[in-house]
Asker: 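Just dropping this structure here.
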Amino acid sequence: MSEQETATATGYDALSAEQKWYPRWESAGLFAPHDDPEAPLYTITIPPPNITGSLHMGHALCYSIQDLLGRYHRMRGHRVLILPGQDHAGIATQSLVGKNLKKQGIDPVAIGRDAFIEKVWEWRHESGNTILEQFRALGCAFDWSRLRFTLDEGYTAAVHKVFIDWFERGLIYRGMRVVNWDPILKTSVSDIETERKDIQGKLYHIRYPFADGGGEVIIATTRPETMLADVAVAVHPSDKRYEGLVGKELQLPLTDRLVPLISDEYPDPEFGTGAVKITPAHDPNDFEVGTRHNLPLLRMLDETGKVTELGGIYAGLDRSEARKRVVADLEEQGFLVKIEDHTIPILISQRSGEIVEPLASEQWFVNQRTLAVRAIQVVESGEIEFFPPRFKDVYLDWMNNIRDWCISRQLWWGHRIPIYYTEDGTPFAATSWEEAQSKAGEAKIVRQEDDVLDTWFSSGLWPFATLGWPESTEDLKTFYPTNVLVTARDIIYLWVARMIMMGLDLVDEIPFKHVYIYATVLTKDGKRMSKSLGTGIDPMDVISTKGADVLRYTLLAQTGTNQDLRYSEERTTDARNFCNKVWNASRFVAMNLDGYMPGSLDQLEDFDRWILHRLAECEKTVSQAYESYEMQDALGALYRFFWSELCDWYIEVSKSRLQNPETRAIPQRVLVKCLHDFLRMLHPALPFVSEEVYEMLPIPGKQPFLMAETWPSDLTAWWDPAIDAKIENWLEATRGLRALRAEFGLAAMKSIPKVYFEGALHGGEKVVASQAWVQELVPGKPDGQKFVSTTVAGIDFHLPLEGVVDTEKELTRLDREIAKASEELGKLNQRLQSPAFVERAKPEVVERERAAAQALEDKIAKLRERMALFAG
RNA sequence: GCGCGAUUAGCUCAGCGGUAGAGCACUUCGUUCACACCGAAGGGGUCACAGGUUCAAAUCCUGUAUCGCGCACCA
């Protein structure tokens with residue numbers, strides 16, 4: 001499709017409007033919190049995007065929501081702080097800069113740690129702010145004066161303090177554990193940096209003979225090469241097949257090692273032969289078995305994925321080559337029993353694309369068990385609330401089964417672990433070499449720990465370290481705890497849980513009251529957007545061609561407590577049309593304000609009261625929706641109010657009043673009020689178009705910016721269900737009459753002279769006549785003319801037709817109507833004739849059904865009468 | 001294997017105990033002085049399936065199926 005985006009003279013030009021407002025808001029100082037100490041507070045510390053990041057659809061949604069919440073609460077008069085910042089993103093940044101250097105022919109390893117880190121800072125200053133600029137384009141009203149970075153000075157001090165504190169409390173320890181090892185990046189990686197995948201692999205069955213020559217045990221493995229580091233074979237204590245054999249020694253093939261047959265709960269007797277080779281250094285389960293049985297820890301792979309000295313003749317081979325050779329040799333020497341096809345689950349490292357190797361290595365850990373206790377409590381008690389609530393269980397489930405957290409990474413970019421070692425390897429935690437030395441006393445400090453901390457360790461401090469913790473700053477005292485954390489569901493464990501634990505432990509208060517988990521943005525086919533498949537849509541393309549409001553509307557109008565939403569091109573058209581409608585209708589109002597005088601809203605007509613009632617209804621829905629993270633309900637209500645109520649009816653009905661200087665004052669005031677309030681309610685979602693329209697209207701008490709306006713507060717006074725019912729009746733009558741016209745080919749808006757009616761319109765004659773394009777609506781029945789009729793909302797309309805009425809056509813129409821009404825009546829009567837219904841249903845329901853049945857009977861009778869007339 | 005979500009008009013979704021709704025798409029009509037990025041009218045659904053509760057079920061309960069998402073296991 002050729003998207004000819006040429007704006008017509010009457011079309012809203014989003015792009016130029018959007019460029020205009022952001023700098024104006026910013027220079028007016030609207031992004032920082034005001035300093036009224038009496039005002040309620042509203043704080044969000046935004047999830048810090050990676051410095052390597054650029055805006056994707058998930059971000060666009062996440063930060064639009066936060067901007068919406070900020071703008072909404074700002075209009076509510078709250079003291080709003082939306083604090084932005086960035087994460088240093090250890091692995092992502094290090095591998096990106098490393099790659100860049102290699103492209104320039106520089107070997108990152110060769111230049112050394114300090115020079116490399118300098119290069120990273122250079123990159124960070126030149127290119128690390130992309131996403132912050134994109135937030136501005138999206139319209140995010142964040143307080144840039146408080147921008148934080150997880151590696152800035154104060155933040156680093158906070159990280160050190162936590163580490164030292166926890167180390168000295170014994171919560172942090174160093175130990176040998178099996179971790180996810182990326183052999184390309186040569187570092188441990190967290191679960192979130194890996195992807196689970198099932199691949200078609202093999203299951204190798206290998207014979208391990210007993211050392212005494214008496215028989216054998218057959219084990220099965222998917223990674224045969226790891227046998228080089230086997231230290232035992234385990235069987236389940238209840239497994240009868242191995243009774244009496246436990247304790248005997250097995251000759252480990254291809255080596256000269258003997259390993260014991262041990263008994264442990266871990267093997268599943270149902271699987272394979274029930275015997276499992278135990279390789280503690282290369283499998284987390286085996287590691288635990290090894291610990292239980294005090295088995296040695298042998299490593300047959302080094303940190304680059306090559307076979308170690310332990311592997312003897314295989315030493316130096318790559319892990320995949322080693323597998324081939326081991327299998328070949330096993331086969332040749334008669335140890336290989338069989339090879340089966342087997343689906344095996346593997347972990348792929350996101351950064352390198354390499355298969356993650358479970359590998360034992362020295363790492364630093366946090367024991368989270370004691371930290372978890374309060375973190376569980378505050379969620380169970382509801383002090384912290386999840387939206388949607390179902391994520392509470394997800395969180396609690398993980399917290400209740402919490403494990404130790406591996407916080408060390410073998411990288412250069414990040415917070416270097418503040419541990420210093422003496423000659424004999426004793427670690428001291430300190431903020432500096434000097435401090436460590438003084439803690440060590442006599443012993444001499446000889447080196448600092450090389451590893452850096454997991455990025456989540458520092459981002460876990462985000463809600464308070466950004467506010468100045470550990471210093472007792474004004475910001476910390478004022479803005480902590482924050483109100484809400486808006487984030488994606490895949491980091492509930494890695495980040496949300498950590499912030500809660502850290503906040504409670506370090507600041508002694510919850511970090512936020514609400515956790516809102518937003519929906520995943522999918523493609524129009526409901527698939528995950530994928531960079532490699534090219535199915536991702538760049539939100540910046542949408543912003544630069546259609547505008548940020550369009551992007552925001554498309555996303556926000558589909559999000560609430562759902563878990564996915566589908567992004568599609570078609571929907572951006574809806575958004576554009578809506579912006580255009582808002583702009584055009586407002587322009588129409590602006591053009592019809594000749595002689596406009598602000599003033600009180602008295603001497604209102606029914607229609608004025610009706611639209612004000614609908615406005616009040618709209619406000620109620622919108623504020624409730626904004627408060628409960630149901631953005632789609634808010635946008636739906638705004639759309640309906642504006643398009644289907646204000647434009648389709650109120651403006652149309654008011655046109656004649658607006659043309660007359662005698663009658664125009666009131667509709668002018670009502671229109672200005674409706675637009676004023678509507679724009680205020682729309683602003684949090686679509687800040688640009690609302691601001692642009694606000695500018696062109698002569699609003700009483702107008703502020704320099706819509707953004708600085710307050711939320712409409714006087715609307716409950718206009719609540720009027722009686723008027724609503726009355727007007728709804730007129731509208732229904734109008735629609736019925738229009739339909740009748742259309743049925744007989746009388747084009748819409750083409751005026752016809754006279755229509756008769758029977759029944760009560762309660763003063764709606766003029767409105768119905770004008771909106772159904774009838775010059776005169778007269779009571780009674782036409783005399784001596786051919787006419788057609790309809791009954792709607794309890795009123796009969798008779799439409800005289802000049803010339804010859806198509807008798808056939810009219811009879812068919814009446815017949816169809818009778819059939820329809822009869823069918824409905826049948827259903828109602830069936831219900832009403834059932835004694836159970838009449839006795840047990842609520843009286844008002846029975847009454848309503850009775851009335852409906854009566855109305856249908858009347859209608860059918862009239863239709864029959866007309867048929868008789870026509871037939872005769 | 002366990003858990004969570006989804007299943008309603010061609011598409012995207014709302015409704016969550018009282019006669020099936022919206023937007024888009026579709027059909028017909030309309031160059032009307034805010035808007036054709038518009039207006040009017042209209043067609044289109046056994047609410048995944050099977051049981052149950054109830055006077056009444058898209059809506060509550062129990063299963064089943066399909067899709068998606070987690071968690072655990074996988075030698």
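Letters A, B, ... are given to chains in the order of the sequence lines, protein chains preceding strands, and every chain is numbered from 1.
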Asker: Rounded to whole angstroms, how far apart are CD on A/Gln833 and C1' on B/rA56?
Answerer: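 In whole Å, B/rA56 C1' and A/Gln833 CD are 16 Å from each other.
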Asker: Side chain of A/Lys750, base of B/rA40: donor and acceptor closer than 3.5 Å?
Answerer: no
Asker: Could you write out RNA chain B as a dot-bracket string, with dots for unpaired bases, | for bases paired across to another strand, and Watson-Crick or G-U pairs counted at under 3.5 Å?
Answerer: ((((((((.[[[[.)..(..]]]].(((((.......))))).....[[[[[..)....]]]]])))))))....
Asker: Check every strand shown and say whether A/Glu839 touches a base, only sugar-phosphate, or nothing at a heavy-atom separation below 4.0 Å.
Answerer: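 The answer is nothing, as A/Glu839 stays clear of every strand by at least 4.0 Å.
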Asker: Scan the side chains in residues 844-860 of chain A for donor-acceptor partners under 3.5 Å anywhere in the protein, sequence neighbours excluded, and list what turns up.
Answerer:
residue  : atom : partner  : partner atom : Å
A/Glu849 : OE2  : A/Arg831 : NH1          : 2.5
A/Gln854 : NE2  : A/Asp858 : OD1          : 3.1

Asker: Tell me which of A/Ala748 and A/Asn584 sits closer to the 5' end of RNA chain B, going by the nucleotide each one is nearest to.
Answerer: A/Asn584
Asker: Output the rounded distance in Å from CE (A/Met749) to P (B/rG39).
Answerer: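 Computing the A/Met749:CE to B/rG39:P distance gives 11 Å.
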Asker: Between B/rU32 and B/rA40, how far is it from one C1' atom to the other, in whole Å?
Answerer: 11 Å
Asker: Enumerate all atom pairs, one protein N or O and one N or O from nucleotides 6-11 of chain B, separated by less than 3.5 Å.
Answerer:
none

Asker: Within 45 degrees of the ring normal and closer than 6.0 Å to the centroid, is that where the cationic atom of A/Lys655 sits relative to A/Phe588?
Answerer: yes
Asker: Output the rounded distance in Å from CG (A/Leu555) to P (B/rU12).
Answerer: 17 Å
Asker: Quick one: which of B/rA41, B/rU19, B/rC37 gets closest to the side chain of A/Glu824?
Answerer: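 Selected nucleotide: B/rU19.
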Asker: Pair up each side-chain donor or acceptor in residues 225-237 of chain A with any protein partner under 3.5 Å, not counting sequence neighbours, and list the distances.
Answerer:
residue  : atom : partner  : partner atom : Å
A/Glu225 : OE1  : A/Arg323 : NE           : 2.8
A/Glu225 : OE2  : A/Arg323 : NH2          : 3.0
A/Thr226 : OG1  : A/Arg223 : O            : 2.7
A/Thr226 : OG1  : A/Lys277 : NZ           : 2.7
A/Asp230 : OD1  : A/Lys277 : NZ           : 2.9
A/Asp230 : OD1  : A/Thr279 : OG1          : 2.7
A/Asp230 : OD2  : A/Tyr208 : OH           : 2.6
A/His236 : ND1  : A/Ser238 : N            : 3.1
A/His236 : ND1  : A/Ser238 : OG           : 2.8
A/His236 : NE2  : A/Glu265 : OE1          : 3.3

Asker: Please work out if A/Lys655 contacts a base, only the sugar-phosphate, or nothing of the nucleic acid, heavy-atom cut-off 4.0 Å.
Answerer: base
Asker: Scan A/Leu203 against the nucleic acid and name what it touches under 4.0 Å (heavy atoms): base, sugar-phosphate only, or nothing.
Answerer: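 Sugar-phosphate only.
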Asker: Who pairs with A/Glu692 by side chain to side chain donor-acceptor pair (under 3.5 Å), at least two apart in sequence or on another chain?
Answerer: A/Lys20, A/Trp21
Asker: Is A/Arg640 salt-bridged to A/Glu617, going by a charged N under 4.0 Å from an acidic O?
Answerer: no
Asker: Once ring pair (Phe, Tyr, Trp, His ring centres under 6.0 Å) is applied, do any residues pair with A/Tyr639, and if so which ones, sequence neighbours excluded?
Answerer: A/Phe578, A/Trp643
Asker: Atom CG of A/Leu347 and atom C1' of B/rC74: how far apart are they, to the nearest Å?
Answerer: 13 Å
Asker: Taking ring pair (Phe, Tyr, Trp, His ring centres under 6.0 Å) as the definition, give me every residue that meets it alongside A/Trp773, ordered by chain and number, with sequence neighbours left out.
Answerer: none
Asker: Between A/Glu810 and A/Arg813 (salt bridge meaning N to carboxylate O under 4.0 Å), is one present in this structure?
Answerer: yes
Asker: Is there side-chain contact between A/Ile402 and A/Asn400, with at least one heavy-atom pair below 4.5 Å?
Answerer: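 A side-chain contact under 4.5 Å is absent here.
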Asker: What is the per-nucleotide protein-contact pattern of nucleotides 68-73 of chain B, from the 5' end, where B denotes a base atom under 4.0 Å from a protein heavy atom, S denotes such proximity for sugar-phosphate atoms only, and - denotes neither?
Answerer: BSSSS-
Asker: Is a side-chain donor-acceptor pair under 3.5 Å present for A/Ser654 with A/Arg664?
Answerer: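 No donor-acceptor contact under 3.5 Å links the two side chains.
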Asker: On a whole-Å scale, what distance lies between the P atoms belonging to B/rA22 and B/rC60?
Answerer: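 B/rA22 and B/rC60 have their P atoms separated by 22 Å.
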Asker: Using the side-chain heavy atoms of A/Arg738, tell me which of these nucleotides is nearest: B/rG18, B/rC35, B/rA40.
Answerer: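 Closest nucleotide to the A/Arg738 side chain: B/rA40.
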Asker: Whole Å only: how far is the CZ atom of A/Arg741 from the P atom of B/rG30?
Answerer: 13 Å
Asker: In whole Å, what separates the C1' atom of B/rA72 from that of B/rG10?
Answerer: 41 Å
Asker: Expressed in whole Å, how much space separates the P atoms belonging to B/rC13 and B/rG51?
Answerer: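 Straight-line distance between the two P atoms is 29 Å.
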Asker: Rounded to whole angstroms, how far apart are CZ on A/Arg735 and P on B/rG42?
Answerer: 10 Å
Asker: Look at A/Lys581 together with A/Asp574 and state whether they make a salt bridge at an N to O cut-off of under 4.0 Å.
Answerer: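 Salt bridge absent between A/Lys581 and A/Asp574.
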Asker: Within this structure, what is the CG-to-P distance between A/Leu746 and B/rG39, rounded to whole angstrom?
Answerer: 22 Å
Asker: Do the two ring centres, one from A/Tyr629 and one from A/Tyr516, sit under 6.0 Å apart?
Answerer: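 That pair passes the under 6.0 Å test.
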Asker: In whole Å, what separates the P atom of B/rA58 from that of B/rU46?
Answerer: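 Result for the P pair: 13 Å, nearest Å.
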Asker: If the threshold is 4.0 Å, N to carboxylate O, is there a salt bridge linking A/Glu823 and A/Lys820?
Answerer: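 No, this pair does not count.
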Asker: Can you run down the salt bridge (charged side-chain N to carboxylate O under 4.0 Å, His left out) pairs that involve residues 518-528 of chain A, sequence neighbours left out, and say none if there aren't any?
Answerer: A/Lys524-A/Glu570
Asker: Can you identify which nucleotide, out of B/rC29, B/rU19, B/rC35, has its nearest atom closest to the A/Ala852 side chain?
Answerer: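 Comparing B/rC29, B/rU19, B/rC35 against the side chain of A/Ala852, the answer is B/rU19.
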Asker: Taking only Lys NZ, Arg NE, NH1 and NH2, and the carboxylate oxygens of Asp or Glu, determine whether A/Arg738 and A/Glu743 approach each other closer than 4.0 Å.
Answerer: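 Here A/Arg738 does not pair with A/Glu743 in a salt bridge, since their nearest N and O are not under 4.0 Å apart.
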Asker: A/Gln771 and A/Thr734: side-chain donor and acceptor closer than 3.5 Å?
Answerer: no
Asker: For the pair made of CG in A/Asn400 and P in B/rG3, what is the distance, rounded to whole Å?
Answerer: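 Between P of B/rG3 and CG of A/Asn400: 17 Å.
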Asker: Which residues, if any, of residues 645-654 of chain A bring a heavy atom under 4.0 Å of RNA chain B?
Answerer: A/Cys647, A/Asp648, A/Glu652
Asker: Among the nucleotides B/rC35, B/rA40, B/rC4, which one has an atom lying closest to any side-chain atom of A/Arg390?
Answerer: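 Selected nucleotide (nearest to the side chain): B/rC4.
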Asker: Using the P atom as the reference point in each nucleotide, state the distance between B/rU8 and B/rA14 in Å, no decimals.
Answerer: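 Between the two P atoms, the distance is 10 Å.
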Asker: Expressed in whole Å, how much space separates the P atoms belonging to B/rU27 and B/rG43?
Answerer: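 It comes out at 15 Å once rounded to the nearest Å.
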Asker: So, for A/Phe678 and A/Leu638, which heavy atoms are closest and what is the spacing to 0.1 Å?
Answerer: CE1-O, 3.5 Å
Asker: Using the P atom as the reference point in each nucleotide, state the distance between B/rA6 and B/rG15 in Å, no decimals.
Answerer: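 The answer is 10 Å between these two P atoms.
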Asker: Can we say A/Glu728 and A/Arg735 salt-bridge, meaning some charged N sits less than 4.0 Å from an Asp/Glu carboxylate O?
Answerer: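 The answer is yes: the pair qualifies as a salt bridge.
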Asker: Does the base of B/rC37 carry an N or O that pairs as donor and acceptor with the side chain of A/Lys581 under 3.5 Å?
Answerer: no
Asker: Using a heavy-atom cut-off of under 4.0 Å over every strand shown, decide if A/Ala739 touches base, sugar-phosphate, or nothing.
Answerer: sugar-phosphate
Asker: Report the residues that fulfil side chain to side chain contact (heavy atoms under 4.5 Å, CB included) with A/Thr621, sequence neighbours left out, ordered by chain and then residue number.
Answerer: A/Ala637
Asker: Does A/Arg831 or A/Gln632 map to a spot on RNA chain B nearer the 5' end, using the closest nucleotide for each?
Answerer: A/Gln632
Asker: Distances under 3.5 Å only, N/O to N/O: pair up the protein atoms with those of nucleotides 20-24 of chain B.
Answerer:
none

